[in-house]
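Beneath this line is the structure, given in C-alpha cells, with notes to follow.
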Amino acid sequence: MAKLFIGSVRTQGGYRPPITVRATSQAEALWFLRAQYPQDRVEAVLPALWWPPTSDTGRTIGDIREHRC
C-alpha cells in the first residue's frame, strides 16, 4: 500500500518547494526522488504525518508532486 512521504531536495541555487512522493517505504521514496532529481541532493525523506487534504499528492506508487507555497 502506498504511503505519503515528504522530501527535502536542495539544488545548487537553494531548496525546491516541499515535495510529496507516494511509495511503500521510506527507502523507496528516497529512490524515486533521487531518480527524479539526479542533479540535486535529497536531504531528507520523512513520512507525512499530516498534509492538507485538498492538495494533489497523487494516488499511485511513484507519484511525485512539488507544492508551491
Side-chain angles (χ1 to χ4, degrees):
M1 183 168 152
K3 300 175 191 171
L4 185 63
F5 293 89
I6 301 172
S8 175
V9 178
R10 185 178 181 129
T11 68
Q12 289 182 351
Y15 284 96
R16 290 188 177 275
I19 298 170
T20 56
V21 57
R22 292 275 174 186
T24 57
S25 69
Q26 193 167 353
E28 184 179 56
L30 178 61
W31 185 84
F32 283 137
L33 288 174
R34 285 183 176 162
Q36 180 72 27
Y37 303 104
Q39 302 298 325
D40 300 338
R41 186 170 128 193
V42 179
E43 293 196 338
V45 176
L46 301 170
L49 299 178
W50 182 84
W51 195 260
T54 57
S55 296
D56 177 20
T57 57
R59 293 180 182 221
T60 61
I61 293 173
D63 282 345
I64 296 174
R65 304 283 195 274
E66 287 189 24
H67 299 275
R68 306 260 179 224
C69 298

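Only this structure's heavy atoms are used, side chains among them; waters, hydrogens and symmetry mates stay out.
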Could you pull out all donor-acceptor pairs under 3.5 Å where a side-chain atom in residues 6-14 meets a protein atom, sequence neighbours excluded?
unit_1 : atom_1 : unit_2 : atom_2 : d
R10    : NH1    : Y15    : OH     : 3.4
T11    : OG1    : G13    : N      : 3.2
T11    : OG1    : G14    : N      : 3.2
T11    : OG1    : G14    : O      : 2.7

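In terms of heavy-atom proximity, P17 sits nearest to R68 at CG-NH1, 2.9 Å. The two residues A29 and V45 make their nearest non-hydrogen contact at CB-CG1, 3.7 Å.
Atom CG of L4 is separated from atom CG of L46 by 11.5 Å, given to the nearest 0.5 angstrom. Note that the CZ atom of F5 and the OG1 atom of T20 stand 12.0 Å from one another [nearest 0.5 Å].
Contacts of S55 classified as side chain to side chain contact (heavy atoms under 4.5 Å, CB included), with partners at least two apart in sequence or in another chain: W51, P52, T57, H67. Residues passing the salt bridge (Lys or Arg N to Asp or Glu O under 4.0 Å) test with R16 are D40, E66, sequence neighbours excluded. Listed by chain and number, the residues in a side chain to side chain donor-acceptor pair (under 3.5 Å) with S25 amount to none (sequence neighbours excluded). Take D63 and apply the salt bridge (Lys or Arg N to Asp or Glu O under 4.0 Å) test, not counting sequence neighbours, and it matches no residue. R34 pairs by the salt bridge (Lys or Arg N to Asp or Glu O under 4.0 Å) definition with nothing, not counting sequence neighbours.
Contacts classified as ring pair (Phe, Tyr, Trp, His ring centres under 6.0 Å) and involving residues 22-41 (residues at least two apart or in different chains) are not found. Annotation: salt bridge (charged side-chain N to carboxylate O under 4.0 Å, His left out) contacts involving residues 44-56, sequence neighbours excluded, comprise D56-R65.
Looking only at side-chain heavy atoms (C-beta outward), I61 and E28 come within less than 4.5 Å of each other.
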